[in-house]
Amino acid sequence: MDIVTERDAHLRIAPELLMFLPVSRRQEWQRVTPDRTSTLGHHVESIGIPLTEVGPLTIGDRGVDPSYLPVAGDVVEVGAVPRPQQLPDEPRFLLDVHLGTLSRRLRLLGLDAAYHNDMDDPALVVQANEEHRVLLTQDRGLLRRRALWLGAYVRGSRPQDQLRDLLERFSPPLRPWTRCTACNGLLIPAAKHEVEPLLEAGTRRNFDVYGQCRACGQVYWHGAHSGHLEEIVQAARQWTLG
């Protein structure tokens, strides 16, 4: 840690948040210069960390808000969001255009996960706010939009890593096989004779139990890919239990 000058304040960044800093500045201690107008939240975001990822902010033994105005000599502990993150209601999600595979896996688990492959950033913020959805993205700029009520950065490049990150962060209740992976609608049991016109001959011959999406009409059954999907479900249950 550098010596604190009369003009400086220091931020001590939690290890979980270092990934957001530029490589050239990826170190625990960050020095900022208070100017009597910039808030602590502004200083944290200015070094690259979205406030959606920040948890407790403390100076000594007292907590402070992102709106706090730092003064010279402050040493601020910048913590990460505690896991599981507590929300007022059961989480509902909205995913940006780059997270299509993750959205289907969340739906497989019965989680309410809205997704559009053609929605721009302002429209995403509007929908997230209007429907009280947590906006999931890997776009840090999107998370820094002031109008956004709540968002979360998705860690990982592979869908399984992204899914684990989200489940460990929010620990949502899982209801596998209850949502349409195509449109997010709810599934209801369907009698075979009701959906028979929509089935291929081999499917009609080999399967008798079906579900159908109430929203789009998509028909589901436990077919050739069910083993792989069941592996995703079982892994998800383990991650949620922690």
Side-chain angles (χ1 to χ4, degrees), residues 19-20 50 52-53 81 83-85 87 89-145 147-188 198 211-240:
M19 60 173 287
F20 294 106
T52 58
E53 309 310 299
V81 172
R83 296 191 173 207
Q85 183 175 355
L87 298 179
D89 302 299
E90 185 173 317
R92 306 170 69 217
F93 301 108
L94 172 62
L95 293 84
D96 78 5
V97 65
H98 303 291
L99 297 174
T101 300
L102 178 60
S103 72
R104 292 188 291 273
R105 295 197 177 194
L106 291 173
R107 293 168 179 175
L108 170 68
L109 299 174
L111 300 175
D112 189 343
Y115 170 78
H116 314 276
N117 60 10
D118 58 355
M119 186 174 280
D120 61 17
D121 289 356
L124 284 169
V125 172
V126 169
Q127 182 177 354
N129 291 348
E130 288 182 347
E131 300 179 7
H132 226 234
R133 294 179 180 274
V134 181
L135 180 55
L136 305 180
T137 182
Q138 294 184 325
D139 182 343
R140 302 175 197 183
L142 181 53
L143 293 175
R144 288 198 291 267
R145 287 182 173 257
L148 179 63
W149 86 283
L150 183 60
Y153 184 86
V154 178
R155 289 167 167 78
S157 57
R158 300 184 304 170
Q160 58 265 43
D161 296 331
Q162 296 169 352
L163 181 61
R164 180 170 187 167
D165 177 59
L166 262 295
L167 296 180
E168 290 178 346
R169 176 163 180 170
F170 293 104
S171 192
L174 305 183
R175 303 178 183 91
W177 317 104
T178 61
R179 282 191 180 271
C180 176
T181 57
C183 82
N184 198 42
L186 292 173
L187 302 185
I188 57 175
L198 304 174
Q212 188 170 29
C213 176
R214 292 197 302 191
C216 73
Q218 178 74 35
V219 179
Y220 290 85
W221 63 93
H222 285 280
H225 300 291
S226 296
H228 171 63
L229 299 179
E230 187 60 44
E231 289 176 1
I232 295 174
V233 171
Q234 292 304 320
R237 286 189 168 122
Q238 292 298 318
W239 296 332
T240 304

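- In this structure, the side chain of Arg107 engages the main chain of Ala182 through a donor-acceptor pair within 3.5 Å.
- Put simply, CG on Leu229 and CZ on Arg105 are 8.5 Å apart, with the number rounded to the nearest 0.5 Å.
- The distance from atom CG of Leu186 to atom CZ of Arg175, rounded to the nearest 0.5 Å, is 10.0 Å.
- Distance check, rounded to the nearest 0.5 Å: CG of Leu106 to CG of Leu111 gives 5.5 Å.
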Determine, stepwise, if the pair Val97 / Met119 fulfils side-chain contact (heavy atoms from CB on, under 4.5 Å). CA-CA 7 Å; Val97 65; Met119 186 174 280; over 6 Å; no

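- In this view, Arg169 and Glu53 satisfy the salt bridge (charged side-chain N to carboxylate O under 4.0 Å, His left out) rule, not counting sequence neighbours.
- Partner of Phe93 under the side-chain contact (heavy atoms from CB on, under 4.5 Å) criterion, chosen from Leu166, Leu135, Leu99: Leu166.
- Judged by distance alone, the side chain of Gln138 and the main-chain N or O of Asp96 form no donor-acceptor pair under 3.5 Å.
- To the nearest 0.5 Å, atom CH2 of residue Trp221 and atom OG of residue Ser226 are 9.5 Å apart.
- Of the possible donor and acceptor atoms, none in the side chain of Gln212 sits under 3.5 Å from a partner among the backbone N and O of Val219.
- Within the 3.5 Å criterion, the main-chain N or O of Ala147 finds a donor-acceptor partner in the side chain of Asn129.
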Given Asp121 and Asp139, is the side-chain contact (heavy atoms from CB on, under 4.5 Å) satisfied, shown in steps? CA-CA 10 Å; Asp121 289 356; Asp139 182 343; 3.8 Å; yes

Kindly indicate, with the supporting measurements, whether the criterion side-chain contact (heavy atoms from CB on, under 4.5 Å) is fulfilled by Thr240 and Leu109. CA-CA 11 Å; Thr240 304; Leu109 299 174; over 6 Å; no

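- For the pair Arg140 and Phe20, the tightest heavy-atom approach, listed with the atom from each and the gap, is NH1-O, 2.9 Å.
- Taking 4.5 Å as the limit, some side-chain heavy atom of Trp177 sits within range of a side-chain heavy atom of Leu108.
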Before you tell me yes or no, could you show the steps for Leu163 and Gln160 under side-chain contact (heavy atoms from CB on, under 4.5 Å), namely the whole-Å CA-CA distance, both residues' side-chain angles and the distance that decides it to 0.1 Å? CA-CA 5 Å; Leu163 181 61; Gln160 58 265 43; 5.6 Å; no

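- Side-chain contact between His116 and Leu94 is present, with at least one heavy-atom pair separated by less than 4.5 Å.
- Taking all atoms of both residues into account, the shortest heavy-atom contact from Leu167 to Ala236 is CD1-CB, 3.5 Å.
- Closest approach of Gly185 and Cys213 over heavy atoms only: CA-SG, 3.8 Å.
- If you take OG1 on Thr181 and CZ on Arg104, they are separated by 8.0 Å, rounding to the nearest 0.5 Å.
- Side-chain polar atoms of Gln234 and Glu230 form a donor-acceptor pair below 3.5 angstrom.
- Taking CZ of Phe170 as the start and CG of Leu87 as the end, the distance is 5.5 Å to the nearest 0.5 Å.
- Scanning all heavy atoms of the two residues, the minimum distance from Ser103 to Ala113 falls at O-CB, 4.0 Å.
- Taking the six-membered ring for Trp and thresholds of 30 and 60 degrees, His132 and Trp149 have nearly parallel ring planes, at less than 30 degrees apart.
- Within the 4.5 Å cutoff, the side chain of Glu90 has no heavy atoms near those of the Asp112 side chain.
- The backbone N or O of Arg133 lies less than 3.5 Å from no partner atom in the side chain of Arg92, so there is not a single donor-acceptor pair.
- More than 12 heavy atoms of other residues, nucleotides or ligands shown are found within 6.0 angstrom of CZ on Arg83.
- Residues Ala128 and Leu148 share a closest heavy-atom pair of CB-CD1, 4.0 Å.
- The nearest pair of heavy atoms linking Thr178 to Gly110 is OG1-CA, 3.5 Å.
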